[in-house]
Amino acid sequence: MSTPYNPETVELSAQKFWDEAKCFEVGEDADKEKYYCLTMFPYPSGKLHMGHVRVFTINDVIARYQRLQGKHVLQPMGWDAFGMPAENAAIQRGIPPAKWTYSNIDDMRRQFKRLGYGYDWTRELTTCKPEYYRWEQWLFTRMFKKGLVYRKNSIVNWDPVDQTVLANEQVIDGRGWRSDALVERREIPQWFMKITDYADELLQELDNLPGWPEPVKIMQRNWIGRSEGVELSFDVKGEDEPLTVYTTRPDTLMGVTYMAVAAEHPLASKAAASNPEIAAFVADCKKTDAQEATLETMEKKGMPLGISAIHPLSGEEVPLWVANFVLMSYGTGAIMAVPGHDARDWEFAKKHGLPIQQVIAPVDGSTFDTDEAPYLDHGVLVNSGQYDGLDFESAFNAIADFFESNGRGRRKVNYRLRDWGVSRQRYWGAPIPIIYCDDCDAVAVPEDQLPVVLPEDVEVKGTGSPLKDMPEFVNVPCPECGKAAKRETDTFDTFVESSWYFARYACPDSNDAMLDERAAYWAPVDQYTGGIEHAILHLLYSRFFQRVMRDEGLTDVSEPFTNLLTQGMVLKDGAKMSKAKGNVVDPQALIETYGADTVRLFMMFASPPEQSLEWSDEGVQGSYRFLKRFWTAVRDHAAGGPVGTIDTGAMTDEQKELRRKTHQTIAKISDDIGRRHSFNTAVAAAMELLNAINKLTDQSEAGRAVAREALDAVVIMLSPMVPHICHTLWQTLGHETALVDERWPEVDESALELDQVEVVVQVNGKLRGRVTVPVDVSKDALQAQALADANVQRFIDGKAIRKVIVVPGRLVNIVV
RNA sequence: GCCCGGGUGGCGGAAUCGGUAGACGCAACGGACUUAAAAUCCGUUAUCCGAAAGGGUGUGCGGGUUCAAGUCCCGCCCCGGGCACCA
C-alpha cells in the first residue's frame with residue numbers, strides 16, 4: 001500500500017530543505033558560468049493574481065533548468081513599491097500609503113515562498129525605501145549637470161472640480177473618475193529626460209538583439225519612428241516669424257492647399273486674442289483629455305484663422321487653420337496639408353470644402369482621381385512646374401537642395417519618440433531632487449544632502465500632493481546661495497525606479513555607490529521575463545537608463561537584457577486581469593486545495609507562454625490527477641526493489657521501444673524548455689512518457705532497469721515545473737543527492753535508432769495509404785511499394801501518372 | 001485612428017523548416033471496482049455518409065501560389081495588447 005500524495009507535506013518539506021541548505025543564495029564566483037534570470041518585479045497590490053503566478057513560474061522554470069545545465073544562477077525578487085494604487089487605498093481607508101504597501105509586501109512574500117520559487121531573498125529590494133531611490137535621485141542630479149534633464153511646459157489631464165492632475169487611467173470616457181467632470185488639457189512645467197539624445201543608438205542596437213522577440217523589436221522601432229524629411233519655412237502674412245513645418249513628403253509641396261496649427265500654437269493664441277470665435281474654438285479644443293487614442297479618434301474639427309501663409313515655391317497664399325488633430329507635442333505643432341496625398345488632410349479638406357490638388361501620379365501612367373480618394377504611394381510629379389516628371393527621390397533631393405541653398409529649410413531626421421516626462425504631481429513616489437530659488441533658479445540637491453526622503457506619515461486626501469502642505473519638507477535654504485527656497489514637491493514617474501532595479505540586484509546593499517564591482521559580474525540580465533504590455537515603455541526606458549549609467553562610468557554594459565521572453569496576458573472574461581476591472585482570480589484557494597505544484601503545472605501546461613491565456617478553473621483537476629499518477633508510478637516502481645543494469649545488446653523489443661521513447665523525450669523536452677520555451681509541449685511529452693512507462697508489462701530486472709532510467713529522466717525533467725514533488729520522488733528512487741544539484745539527462749543517440757519507418761502515400765495530395773519500409777530504403781523502392789498499395793491502386797487505376805514526389809522518411813505524393 | 005499579436009473539435013491547446021490536422025489534457029459518454037458515492041482503472045469521442053472497408057467535408061471569411069497550405073502571398077472580419085500619467 002503506497003503512501004498517498006499529500007502536496008502540503010511534500011511542498012513544505014522541500015521548501016524547508018532549500019531554505020536550510022541556502023540553495024538559491026548565490027555569490028559572485030568567477031570560475032562559474034553565471035546566468036542571471038530575472039522577472040519583471042511586481043507592484044505590491046495586495047495579493048498575487050494569476051498573471052503573477054504565470055510569469056514567475058515561467059522564469060523559475062528557466063532558472064531551474066539552467067541550474068540543471070550546470071550554470072551559476074541568480075534569480076532575485078523585489079518590489080516596485082511606488083504607485084497610484086497605494087494613494088487610492090490611502091484615500092479609501094485612511095491608511096498611509098507606506099503602511100499599506102509594506103503590509104502588502106509581507107503578504108505577497110509569504111505567497112511567493114509558498115509557491116516554491118528559487119529566489120535569492122538576501123537580495124530583496126524595495127523601491128520606496130530611501131536606500132534604493134537615493135541612487136536614482138543621485139543619477140538625476142548627474143544628468144542635470146550634464147544637461148540630460150530639462151524643464152518645460154507640457155500637457156496634463158486636469159480635473160476642474162477636484163482641482164488635480166489625473167492619470168490617463170483616471171479618465172473614464174473623457175471624465176474624471178471621482179468627480180465625473182469633463183477633463184481638460186492644461187499646461188504645467190515638468191521635468192524631462194532627454195531620451196531622444198539616445199534615439200539613434202536605441203534604434204540601431206535593436207539589430208543586435210537576437211534574443212528578443214521580433215514583434216517587440218518592431219514595436220520599439222515604430223515607437224522611435226525615425227524618419228528622414230525636410231524642415232521648411234513658410235512666410236506668414238503680417239508676421240515677422242515664418243511658420244516652420246516638418247514633412248517627409250517634400251515631393252508633394254506643390255499640392256499644399258492649406259496649413260494647420262495646434263490649438264496650443266502661438267499663432268492660434270494670437271488669433272484667439274482678437275477673435276472671440278477662434279478663442280471659443282481653441283478653448284473647446286482643450287476640453288478633451290490628453291490621451292493619443294482620444295485625439296486620433298475624435299471628430300476632426302478646425303477653423304480658419306483668417307490669415308495666410310505664402311507658398312515658398314508658387315508664392316500663392318494658402319489659408320492657415322487651427323485644427324484639433326494637430327498635436328503641439330509632435331514636430332513643430334504645425335503642418336502643411338496636402339489633401340491629394342495624405343488621408344487625414346484629404347478627409348479634413350472634404351469636410352471643410354478646401355481645394356484638393358493632385359501633384360503625384362502613378363508611375364505606370366494610369367490615371368488616379370484624387371477627388372475620389374487620396375493617392376498615398378510614391379509616384380511621378382505632375383502639376384509641379386519645373387519638378388514635373390521627377391520620381392520621389394529626385395524630387396525630394398531637388399526640393400531639399402533648393403530650400404537648403406536659400407536658407408529656408410534643411411534636411412532633418414525626425415523621431416516620433418519624445419523626451420520622457422518624469423514629473424508626477426503625486427505624493428507616493430521618489431521626490432525629484434530639485435530646489436527652486438528665486439535667484440539661482442532650479443538647483444539640484446547636492447550629493448551630500450541626498451537622499452531627499454519622502455515623509456511616510458501623511459494623510460492623503462485626493463486633491464493634490466500632501467507634500468505641498470508640509471512646510472518642513474518644502475521650505476529649505478538654497479544649496480547655492482543659502483537664501484530661503486522651495487523644494488520640488490513633484491515625484492518621479494514610477495518607471496524611473498523600474499528602469500534600473502535589474503542592475504541594483506547585484507549590489508542591493510551598496511551604500512557608497514549606485515553600482516559596485518559585483519554588478520560587473522552579473523550584468524547583463526541573461527533572461528528577462530515579463531508581460532507583453534511592457535514591450536515598449538518599460539523596456540525602452542530601461543535600455544535608455546542602462547546607457548545613461550554606462551556613460552556615467554557605472555557599467556560597461558549597454559544592453560540590459562540579452563534574452564527577452566514576453567509572456568501573454570492572463571485574461572478573464574476576455575480582458576486583462578486588473579484590480580480596476582475587478583476580474584482578478586485569487587490563486588490562494590487553488591494552492592490550498594491542490595498545492596503549489598499543481599498550480600504551477602497547470603499554468604505551464606494550459607498554453608504557450610507568449611500567448612494570452614483565458615483563465616478557466618477547469619483543467620486544474622487534470623494537473624492534480626497527473627501528479628497523483630506520477631507519485632504512484634514512482635512509489636510502485638521503487639517498492640519493487642533494486643533494478644538491474646541496462647544491457648543495450650540484449651533488450652527485448654518492448655524494452656527498446658520504451659528506451660527509445662525515453663531518449664526521444666529527453667531530446668524533445670531539452671529543446672522545448674531550453675530553446676523554444678514551449679513549456680506546454682514539454683509537459684505533454686513528459687505525460688506521454690509516463691503513460692508509456694505505466695504501460696510497460698515487463699517486470700524483469702532488465703525491464704525494470706529501463707523503467708528506472710525513464711523515471712529518473714521524468715523526475716529531473718519535470719522538476720523545473722513541479723520542483724517539490726520531484727525533490728521527494730528523487731529520494732524515493734533511492735538517490736542520496738539533492739535534485740537541485742543534479743544535472744540534466746543526456747540523450748543516448750544510439751537509443752533513437754529505428755529499423756522501420758511508416759511513410760504516408762498521397763494521391764493528388766490526399767492521404768490514401770501508408771507503407772512501412774526500412775529506414776534506409778531507396779527512393780525507387782519506396783515509390784514502387786507506394787504504388788503497389790491496394791487503396792492507392794484504386795485511385796490511380798486507369799489514369800496516367802504525371803509526377804511522383806518522394807520525401808524520404810515522410811511521404812510519397814502521386815499526381816495523376 | 002496608428003503599431004503589435006491572435007482566431008484550429010464541446011473547451012485549453014498540438015502540428016518546431018510548406019509534407020499524415022486535432023498530440024497531451026479537460027469535459028462528456030460507456031464499462032470495471034464499490035452496498036453506494038468519491039477516488040482509481042479501461043474504452044469511445046472533429047463532422048457527415050457507411051454494418052464495415054472506406055469515402056466526403058473541415059484550421060475566422062474571400063481570393064491566390066504550389067504536386068502539397070493551419071503554415072506562404074493579397075484583400076477583409078472579429079478578439080486581445082500598446083499608444084507616452086495604470087503598472
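Nothing here was measured: the structure is a model prediction, and the numbers come from that model. Sequence lines set the chain letters: A, B, ... in the order given, protein chains first and strands last, and positions in each chain run from 1.
Between A:Tyr132 and A:Trp500, the gap from one ring centroid to the other is short of 6.0 Å. Residues A:Tyr133 and A:Phe82 bring their aromatic ring centres within 6.0 Å. Residues A:Phe602 and A:Tyr624 place their aromatic rings such that the two centres sit no closer than 6.0 Å.
Between the P atoms of B:rA32 and B:rU8, the separation comes to 38 Å (whole Å). The C1' atoms of B:rG6 and B:rG12 are separated by 15 Å, rounded to the nearest whole Å. Spacing of P atoms, B:rA53 relative to B:rU45, comes out at 12 Å, to the nearest Å. A gap of 37 Å separates the C1' atoms of B:rG25 and B:rG75, to the nearest Å. For the C1' atoms, the distance from B:rU35 to B:rC24 is 37 Å, rounded to whole Å. For the C1' atom pair drawn from B:rG9 and B:rC48, the interatomic distance equals 14 Å after rounding to whole Å. B:rA69 and B:rG58 have their P atoms separated by 11 Å, with the value rounded to a whole Å. Only the C1' atoms considered, B:rG13 is 14 Å distant from B:rA46, to the nearest whole Å.
A donor-acceptor contact under 3.5 angstrom links the side-chain atoms of A:Arg675 to the base of B:rU16. Residue A:Gln190 places a side-chain atom within donor-acceptor reach of the base of B:rC85, judged by atom type and a 3.5 Å distance cut-off alone. For A:Asn813 against B:rC67, a side-chain-to-base donor-acceptor contact under 3.5 Å is present. Scanning atom types as modelled, one donor and one acceptor separated by under 3.5 angstrom connect the side chain of A:Gln425 and the base of B:rC85. Looking at A:Lys668, its side chain comes within 3.5 Å of the base of B:rU16 through a donor and an acceptor atom. The base of B:rU20 is paired with the side chain of A:Arg770 by a donor and an acceptor separated by under 3.5 Å.
Checked against B:rC85, B:rC86, B:rG56, the side chain of A:Arg424 finds its nearest nucleotide in B:rC85. Distances from the side chain of A:Phe795 to the nucleotides B:rG12, B:rC26, B:rG55 place B:rG55 closest. Residue A:Lys766 has its side chain nearest to B:rU57 when only B:rU57, B:rU20, B:rA84 are considered. Comparing atom distances between the A:Glu688 side chain and each of B:rC67, B:rA23, B:rG1 picks out B:rA23 as nearest. With B:rC3, B:rA14, B:rC24 as the candidates, the nucleotide lying closest to the side chain of A:Asn222 is B:rC3. Relative to the side chain of A:Gln611, the nucleotides B:rA27, B:rA84, B:rA14 differ in distance, and B:rA14 lies closest. With distances taken from any side-chain atom of A:Pro215 to the nucleotides B:rU16, B:rA23, B:rG5, the minimum falls on B:rG5. The side chain of A:Val815 approaches B:rC67 more closely than any other nucleotide in the set B:rC67, B:rC4, B:rA87.
Other residues, nucleotides and ligands contribute more than 12 heavy atoms inside 6.0 Å of the CG atom of A:Asp377.
Rounding to whole angstrom units, CE of residue A:Met298 and C1' of B:rC2 are separated by 15 Å. Rounded to a whole Å, the CD1 atom of A:Ile532 is 12 Å from the P atom of B:rG81. Rounded to a whole Å, the CD1 atom of A:Ile805 is 12 Å from the P atom of B:rA69. Atom CG of A:Asn680 is separated from atom P of B:rU8 by 15 Å (rounded to the nearest Å). To the nearest angstrom, P of B:rA87 lies 13 Å from NE2 of A:His538. The distance from atom CG of A:Leu613 to atom P of B:rG13 is 7 Å, rounded to the nearest whole Å.
Using a 4.0 Å heavy-atom distance criterion, A:Phe495 is classed as a base contact. Using a 4.0 Å heavy-atom cutoff across all strands shown, A:Arg221 reaches no nucleic acid atom at all. Note on A:Phe605: a base of the nucleic acid sits closer than 4.0 angstrom, heavy atoms only. Using a 4.0 Å heavy-atom criterion, one finds that A:Gln762 contacts the bases of the nucleic acid, with or without backbone contacts as well.
Judged by closest nucleotide on RNA chain B, A:Glu610 is the one of A:Gly765 and A:Glu610 placed further toward the 5' end.
Between A:Phe544 and A:Trp420 there is a side-chain heavy-atom pair separated by less than 4.5 Å. Considering only heavy atoms from C-beta on, A:Met77 comes within 4.5 Å of A:Phe56 through its side chain.
Counting only Watson-Crick and G-U wobble pairs whose two distances sit under 3.5 Å, RNA chain B takes part in these stems of three or more pairs: B:1-7 with B:77-83, B:10-12 with B:24-26, B:28-32 with B:40-44, B:46-49 with B:54-57, B:60-64 with B:72-76.
Using a 4.0 Å cut-off between charged nitrogen and carboxylate oxygen, A:Lys286 and A:Glu264 do not count as a salt-bridge pair. The existence of a salt bridge linking A:Glu758 and A:Arg810 is excluded, since no basic side-chain nitrogen approaches an acidic carboxylate oxygen closer than 4.0 Å.
For B:rC26, one of the phosphate oxygens OP1 or OP2 lies less than 4.0 angstrom from a side-chain nitrogen or oxygen of A:Arg625.
When all heavy atoms of A:Trp212 and A:Lys217 are compared, the closest pair comes out as O-CE, 3.4 Å.
Between the side chain of A:Asn791 and the main chain of A:Arg768, a donor-acceptor pair closer than 3.5 Å is present.
A syn base is found at B:rC17: its glycosidic angle is within 90° of 0.
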